[in-house]
Amino acid sequence: MEAKLLSREVRPNTGKPVIGVFAPCDPRIDAASRERSINLIKHAADVLAGKVILPGGAAVDVVYSDVLIDAEAQADQVALQFKEVGVNILVCVPDTWSFPQLTTISLLSHFPKDIPVNFTTGNSGTRPGVVYTHATSGAIAQYGKLTHINVGKWPDSGQNPEMSSETAKDLIDWCYAAVTFQGLKGKRVVVFGHDSMGMETALPHVLETRNQFGLEITRLDMKLLADMLKKESYDKEELKKLRSWLENHAGERIELPDGEKDSELLDQSLALYLIVRDLMKELDAVGGGFMSQLEWGSDDRGIQLPVADIMESLFNSDFDHNGPKSVQPFATEADVQALLTQLFMTWLSGGNPPLFMDFRKVWEKEDVAEFAAQNGYQASGNEPWMQKGFVDGVNSGSASFNWAAVPGTSEKEVMEKISFPKAVDYFYYLGNSVHFISPGEIKGLAARLAFSSLSGMFSMIWDEAETVELPKDLAQKICEGANPTWPHTFVVPKYASMLEYKQYAPANHFHMTWDLEPARLQFWMDFCNVLSVAPWNARPQFIEGKDRPMPLLYLLNGGEDVTKKLKAGKA
């Protein structure tokens, strides 16, 4: 007997997230009820099909089995069906009572312990799928596995029940978190340069990141980029296309006061995007980071090179000179924890562009009123930016072009709002920055991942947030007081007081993603065993219709944080 040589061809979907929908059933019940259960499986799969989107726009594969799991034999059959097509996310939709160990628990034995499992059921007394859900989730929680239940609503009668829109939404939110958890395993990010300017909050915790998230961090030296720039290791015709695209959009808003010299620097900064893009493609990277300071462009002992602001903004945007593209989260200053924050939230939102910001000046309500009066503006107090104050989010790099406008704005309209002034301050005028002021009323989550060697665990500090738009003159003066050549986004947390916000910041950078709600982030933190930190006095512990319900596993083990520490072996 000889060993079998595998084909070098790999199925296109190998390793990608695949959602499998199934149902147990009681073998004693009537044929009509069994048919209803099969119809419900297909309905649930159809609800998910095309609704869970990966960055780049592709829909996650959804499969289902019409084999009702009555006992061990069917559990084995469905498990093997699912494994053959790569299912790594399980959705159970019970509509009748059945026997937990003979059905779902037997199916789970075929899969890794950390596979996401969701029980979505109607709240029916006629066919008590909800009874099965509670019995099974309780049994699974006893042996220490995490599951989530979604006791929703669908009709008690009829052969073709359809779940309510609220039930479907809760299931879809859970699926986004499961897809982010499973989809990023085995992926890698690429970080150019060593530790971020000595900022300990930005370190690449390589082993911890690998163990907790399944992500690899490829580290490359910035010398490679400097050498490739010098060797002109990029497509020169594509560079012309990129330069022409930028000029067509921005025209005179690109500052080149020194003529040919500045033009050459701009070309180098654009070439840097092409070089890094191709390296990331070669490594199949889902995100990246670039140290820049100090060695690259602001230490006069070395050869200074052009700023990377435009490059970083392009990666975080959903378009470039070649048209629409997938967002590739990218962090300035090689801030790896910023990169991870942006990466997870981009996936959780289905590919929305992230915003990288300094946690710069916190303008409390009284500060804003005083500033407005000093500048001749008579505030009524009803202005959104006066209600609470705001944070001036500003940084030289990584600001997605998309954040110059509201979600859904066309490329042309976005680019009309952006200018490219000469870089100032630390960068010795070597290239162009990106400048815009974000509009108001953009809602999402503002967050920041953090790590502690004391617990050996990651935490996510987060709150809902919304942008505000100030009168143009006041906004410009605030920009001038920080840096007039960089992007500015004025952010208001929903629940944190400004005092809490400025005291509890885990780093000097924070990040925001639009159209992302708390439940998705909370589900993801459950899967990844990340501590949830939202210590705002005004925020209730649980907000119905917004937060995910607490998993039973946490309730049985002393609470969320205690259970997560037990799972991590840190309690």
Side-chain angles (χ1 to χ4, degrees), residues 189-205 217-230 255 262 265-266 268-273 275-276 279-280 287-316 329-342 354-361 392-400 420-435 448-449 479 482-489 505-511:
V189 295
V190 180
V191 179
F192 295 90
H194 62 75
D195 297 346
S196 176
M197 298 163 51
M199 294 191 301
E200 297 288 324
T201 57
L203 294 179
H205 297 284
I217 302 175
T218 296
R219 287 142 285 161
L220 296 177
D221 200 286
M222 291 188 297
K223 182 181 183 297
L224 175 62
L225 301 183
D227 290 347
M228 293 180 75
L229 271 177
K230 186 175 182 179
E255 292 184 11
D262 281 338
L265 287 170
L266 177 60
Q268 285 187 55
S269 67
L270 297 178
L272 190 60
Y273 171 64
I275 291 169
V276 174
L279 286 170
M280 290 175 64
F290 179 68
M291 192 183 85
S292 186
Q293 301 181 66
L294 297 168
E295 290 91 330
W296 181 264
S298 54
D299 190 331
D300 59 11
R301 297 173 298 177
I303 298 171
Q304 295 158 29
L305 291 159
V307 296
D309 294 19
I310 297 175
M311 174 190 80
E312 294 171 341
S313 292
L314 282 165
F315 278 121
N316 280 329
F330 206 91
T332 194
E333 298 165 3
D335 184 345
V336 174
Q337 291 176 63
L339 168 58
L340 296 178
T341 305
Q342 295 179 145
L355 187 63
F356 184 112
M357 301 172 281
D358 264 358
F359 194 88
R360 191 60 75 95
K361 180 176 174 64
D392 181 10
V394 50
N395 196 281
S396 61
S398 289
S400 166
F420 299 88
K422 288 293 295 180
V424 297
D425 288 348
Y426 313 112
F427 302 108
Y428 295 91
Y429 306 95
L430 285 172
N432 294 77
S433 294
V434 175
H435 174 68
R448 169 76 189 194
L449 197 68
C479 292
N483 188 307
T485 70
W486 292 352
H488 289 254
T489 305
N508 55 307
H509 297 148
F510 76 129
H511 318 283

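We're numbering straight along the sequence, starting at 1. Values below: every heavy atom of this structure, side chains too, minus hydrogens, waters and symmetry copies.
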Looking at every heavy atom in both [X] and [Y], which two are closest together, and how far apart are they?
{"X": "L449", "Y": "T341", "result": "N-OG1, 2.9 Å"}
{"X": "M357", "Y": "T489", "result": "SD-CB, 4.0 Å"}
{"X": "V394", "Y": "D358", "result": "O-CB, 2.6 Å"}

Contact check, side chains of [X] and [Y], non-hydrogen atoms, under 4.5 Å:
{"X": "V434", "Y": "F420", "result": "yes"}
{"X": "Y273", "Y": "L314", "result": "yes"}
{"X": "D392", "Y": "H488", "result": "yes"}
{"X": "L279", "Y": "L225", "result": "yes"}
{"X": "N316", "Y": "P329", "result": "yes"}
{"X": "L266", "Y": "I310", "result": "yes"}
{"X": "R448", "Y": "F359", "result": "no"}
{"X": "H511", "Y": "L355", "result": "no"}

Check: H509/Q337 side-chain N/O donor and acceptor closer than 3.5 Å: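 Result is no, nothing qualifies.
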Could you tell me whether a side-chain N or O of [X] sits under 3.5 Å from a main-chain N or O of [Y], the two making a donor and an acceptor?
{"X": "Q342", "Y": "F330", "result": "yes"}
{"X": "S398", "Y": "E312", "result": "no"}
{"X": "S433", "Y": "W486", "result": "no"}
{"X": "H194", "Y": "D221", "result": "no"}
{"X": "T218", "Y": "V190", "result": "no"}
{"X": "W296", "Y": "P306", "result": "yes"}
{"X": "E255", "Y": "K422", "result": "yes"}

Atom CD1 of I303: over 12 foreign heavy atoms under 6.0 Å: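 Atom CD1 in I303 is not crowded, with 12 or fewer foreign heavy atoms closer than 6.0 Å.
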Spacing of M291 atom CE and L220 atom CG [to the nearest 0.5 Å]: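 Here the rounded value is 13.5 Å.
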Inter-residue atom distance K223.NZ - E295.CD, 0.5 Å rounding: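 With rounding to 0.5 Å, NZ (K223) is 14.0 Å from CD (E295).
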Which residues share a side chain to side chain donor-acceptor pair (under 3.5 Å) with H435, sequence neighbours left out: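 Partners of H435 under the side chain to side chain donor-acceptor pair (under 3.5 Å) test: none.
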Close aromatic pair by centroid cut-off 6.0 Å: F510 and F356: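 Aromatic pair excluded; centres sit 6.0 Å or further apart.
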